[in-house]
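Structure record follows, encoded as structure tokens.
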Number of protein chains: 2
Amino acid sequence: MCRTDYPVYLQLRDRLWDWIEAEQLSSQQRLPSERELSERFHTTRVTIRQALAQLEAEGLIFRSNRRGWFITPERLRYDPSRDVGFNRYVIEQGFRPRTETLFKQLTEVPPWLAETTGLAVGAPIYHVFRRRYVDERGLLVEHNYLNPARCPGLLGESTDLSIWQMLRDKYDLRPEHRDIEIYPLALKGQEAEALNVNQGTAGLYIQRLSHDQDGEFLELDREYWLHDALKIAVHIGNRH
Amino acid sequence: MCRTDYPVYLQLRDRLWDWIEAEQLSSQQRLPSERELSERFHTTRVTIRQALAQLEAEGLIFRSNRRGWFITPERLRYDPSRDVGFNRYVIEQGFRPRTETLFKQLTEVPPWLAETTGLAVGAPIYHVFRRRYVDERGLLVEHNYLNPARCPGLLGESTDLSIWQMLRDKYDLRPEHRDIEIYPLALKGQEAEALNVNQGTAGLYIQRLSHDQDGEFLELDREYWLHDALKIAVHIGNRH
DNA sequence: GCTCCAATCTGGTATAGACCAGATTATGGG
DNA sequence: CCCATAATCTGGTCTATACCAGATTGGAGC
């Protein structure tokens with residue numbers, strides 16, 4: 001269509017970007033439908049979808065299953081090395097947090113968990129599965145595995161707020177040592193469904209293994225974030 | 001093709017996964033061509049490409065521009081909070097590192113860098129752009145911005161090894177405070193070209209802003225990693 | 001005003017083909 | 001044997017079309 005040797009879908013990406021800027025579309029606002037865009041830019045739906053996927057990878061737009069394309073909100077800043085609850089740092093940044101507990105149960109330690117934590121296979125373990133929202137967009141799901149010996153009766157409490165705060169206030173437990181793992185992955189299966197995204201959507205995995213002041217296993221936390229939802233920010237050093 | 005209500009490309013993903021396991025394909029080995037796969041699995045190239053893209057997102061395979069699909073090597077473990085050089089921790093994990101300096105120059109602080117570092121716009125700054133390999137696969141490109149006042153003559157040295165080590169040994173500078181930012185992004189432009197991947201390939205961005213023991217700006221490091229290349233692993237706490 | 005259901009709109013999946021550009025391989029001449 | 005060139009193979013891009021399933025909307029009936 002144009003004379004440069006740039007592929008069409010990348011040209012469309014640029015034009016869509018400019019169009020979004022020009023229209024001043026703001027967070028969570030919906031784009032025109034793919035069919036409408038493909039007409040407007042004189043191309044096919046397949047090609048416009050390539051351009052949209054490009055902008056999605058860049059984090060400018062996101063899709064909501066069969067509802068349309070929307071402008072991605074600003075990334076949430078997150079410091080996994082601090083033990084500040086989700087609700088608190090979301091509010092601090094001017095957003096509205098919400099947490100849903102999808103299930104919580106007492107179960108038995110499976111082999112992979114035994115390997116990670118050093119617990120015995122088959123030992124009792126609390127398992128909490130939660131979904132967290134910011135401004136009514138589900139950004140992550142989270143599995144918490146807790147040692148029932150250290151926090152008996154925890155499942156009886158509400159888990160819609162901070163588990164850490166509960167551990168600190170009710171059980172006098174504080175994470176002293178922490179092993180953190182972070183890597184990009186594709187959201188699949190249970191996690192993709194719970195976040196209502198397509199299988200294979202880009203995500204970020206954050207795992208935190210915490211031991212308390214006595215060196216006992218305290219918690220394993222496995223978080224699955226949307227790739228465009230957060231920016232990890234950590235400060236290392238004595239004073240600020 | 002099958003009776004489940006699972007999409008074909010996800011079934012293909014599973015069958016490809018099984019096939020790769022069965023064939024015992026190992027790191028960096030090439031898959032059959034897309035045309036061959038689409039015949040073998042009785043589908044079209046478009047659909048097989050969807051399945052391949054799925055496995056790519058999951059990090060099992062990667063593509064090399066117009067050469068084919070290959071098995072992804074194991075992720076490199078990386079701790080951005082420590083000041084251990086790239087070459088050293090790659091070797092420690094049993095891989096072969098290599099670094100290419102794509103360019104190095106004395107330039108002037110642009111506005112965005114001034115904002116990040118607190119330096120004055122137009123002040124002199126060293127800029128080094130490098131590409132790093134593990135077992136001959138380019139995994140990341142890296143921009144280093146260094147304060148010439150603190151390390152005069154640095155550009156005269158070879159930058160194919162550890163810059164940190166040079167700062168420590170030759171200039172007696174050690175990073176005391178560090179602000180780290182990490183987030184997923186799409187590799188574009190210069191970074192995508194240098195890594196020889198398509199525009200929009202998933203990547204991970206790691207930025208490190210370092211100040212030395214005197215509180216002076218020391219270095220800004222901007223790393224662009226392939227999304228499947230690394231696993232960040234950090235330990236926080238007193239002793240191990 | 002409400003509920004329920006049908007029509008409609010959305011993105012998601014899939015087919016069948018075509019051509020291009022870069023990478024690799026085969027070939028032929030020196 | 002080496003080297004240059006041609007043929008071939010690879011993934012990358014693009015068109016045109018079709019149907020599906022879930023989400024939304026609009027209207028009929030209460």
Side-chain angles (χ1 to χ4, degrees), chain A residues 1-16 28-57 61-71 136 138 187-188 192-193 195-201, chain B residues 1-16 28-57 61-71 136 138 187-188 192-193 195-201:
Chain A
M1 150 193 328
C2 290
R3 46 227 63 81
T4 82
D5 54 354
Y6 223 49
V8 174
Y9 76 95
L10 287 178
Q11 297 177 34
L12 285 172
R13 184 220 86 107
D14 294 341
R15 292 171 63 192
L16 275 167
Q28 306 257 24
Q29 241 180 304
R30 194 175 152 270
L31 265 65
S33 76
E34 295 176 354
R35 288 168 174 84
E36 198 178 326
L37 288 171
S38 59
E39 275 188 29
R40 187 179 306 187
F41 290 100
H42 303 98
T43 183
T44 62
R45 237 186 99 206
V46 179
T47 305
I48 208 78
R49 275 171 68 82
Q50 273 185 284
L52 290 168
Q54 194 76 198
L55 291 172
E56 181 190 31
I61 61 178
F62 70 94
R63 55 181 108 186
S64 178
N65 214 316
R66 280 170 228 272
R67 294 204 311 125
W69 294 87
F70 301 83
I71 304 293
E136 293 310 309
L187 300 173
K188 306 190 304 172
E193 270 176 37
L195 288 171
N196 194 31
V197 296
N198 293 335
Q199 300 281 320
T201 298
Chain B
M1 148 195 329
C2 292
R3 46 225 64 78
T4 82
D5 55 353
Y6 222 50
V8 174
Y9 77 96
L10 287 178
Q11 297 176 34
L12 286 171
R13 184 220 87 108
D14 294 341
R15 292 171 64 192
L16 276 168
Q28 305 254 30
Q29 240 181 305
R30 194 175 152 270
L31 266 64
S33 77
E34 295 176 356
R35 287 167 233 268
E36 197 177 328
L37 288 172
S38 59
E39 275 187 32
R40 185 178 307 188
F41 291 100
H42 302 98
T43 182
T44 61
R45 234 185 103 206
V46 179
T47 304
I48 208 76
R49 274 171 68 83
Q50 274 186 282
L52 291 168
Q54 194 75 198
L55 290 172
E56 181 190 31
I61 61 178
F62 70 94
R63 55 181 105 187
S64 177
N65 213 319
R66 279 171 228 271
R67 294 204 310 125
W69 294 88
F70 300 84
I71 305 292
E136 293 310 310
L187 300 173
K188 307 188 304 172
E193 270 177 38
L195 289 170
N196 194 30
V197 295
N198 292 336
Q199 299 283 320
T201 298

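As a basis for the values below, the full set of heavy atoms in this structure was taken, side chains included, without hydrogen atoms, waters or symmetry mates. What you see is a predicted model; the values in this text were computed from it and never measured.
Heavy-atom nearest nucleotides on DNA chain D were determined for A:Asn196 and for A:Tyr9, and the one closer to the 5' end corresponds to A:Tyr9.
Here A:Thr47 reaches the OP1 or OP2 of D:dT15: one of its side-chain N or O atoms lies under 4.0 Å away. Look at B:Thr43 and you won't find any side-chain N or O under 4.0 angstrom from OP1 or OP2 of C:dA14.
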Could you go through nucleotides 8-11 of chain D and list every protein N or O atom that sits under 3.5 Å from one of its N or O atoms, giving the distance for each pair?
residue: D:dG11; atom: OP1; partner: B:Glu34; partner atom: N; Å: 3.3
residue: D:dG11; atom: OP2; partner: B:Glu34; partner atom: N; Å: 2.9
residue: D:dG11; atom: N7; partner: B:Arg35; partner atom: NH2; Å: 2.6
residue: D:dG11; atom: N7; partner: B:Arg45; partner atom: NH2; Å: 3.4
residue: D:dG11; atom: O6; partner: B:Arg35; partner atom: NH2; Å: 2.6
residue: D:dG11; atom: N2; partner: B:Arg66; partner atom: NH1; Å: 2.7

Return the polar atom pairs (N/O with N/O) between nucleotides 4-6 of chain C and the protein under 3.5 Å, or none.
none

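B:Asn196 contributes atom CG, which lies 5.0 Å from atom CG of B:Asn65 (distance to the nearest 0.5 angstrom). For the atom pair CG (B:Leu31) and CG (B:Leu16), the distance works out to 7.0 Å, reported to the nearest 0.5 Å.
By the side-chain hydrogen bond (donor to acceptor under 3.5 Å, both in side chains) test, A:Arg67 pairs with A:Ser64, sequence neighbours left out. Scored by the side chain to side chain contact (heavy atoms under 4.5 Å, CB included) test, B:Asp14 finds B:Tyr6 as partners (sequence neighbours excluded). Partners of B:Thr44 under the side-chain hydrogen bond (donor to acceptor under 3.5 Å, both in side chains) rule, at least two apart in sequence or in another chain, are B:Thr47. For A:Gln28, the side chain to side chain contact (heavy atoms under 4.5 Å, CB included) criterion is met by A:Phe62, A:Pro73, A:Asp135, A:Arg137, not counting sequence neighbours. Taking the side chain to side chain contact (heavy atoms under 4.5 Å, CB included) definition, one finds that A:Arg45 meets it with A:Glu34, A:Arg35, A:Ser38, A:Arg49, sequence neighbours left out. When the side-chain hydrogen bond (donor to acceptor under 3.5 Å, both in side chains) test is applied to B:Gln29, the partners found at least two apart in sequence or on another chain are B:Ser26. Every residue meeting the side-chain hydrogen bond (donor to acceptor under 3.5 Å, both in side chains) condition with A:Glu36, not counting sequence neighbours, appears here in chain and number order: A:Arg40.
Between B:His42 atom NE2 and C:dA16 atom P there is a gap of 12 Å when expressed in whole angstrom units. Rounded to whole Å, the distance from CD on B:Glu193 to C1' on C:dG22 is 14 Å. Counting to the nearest Å, the P atom of D:dT13 and the CG atom of A:Leu10 are 7 Å from each other. When the P atom of D:dA16 is taken as reference, atom CD1 of A:Ile48 falls 14 Å away, rounded to whole Å. What separates CG of B:Leu52 from C1' of C:dA14 is a distance of 16 Å, to the nearest Å. Put simply, CD on A:Glu39 is 13 Å from P on D:dT17, counting in whole angstrom units.
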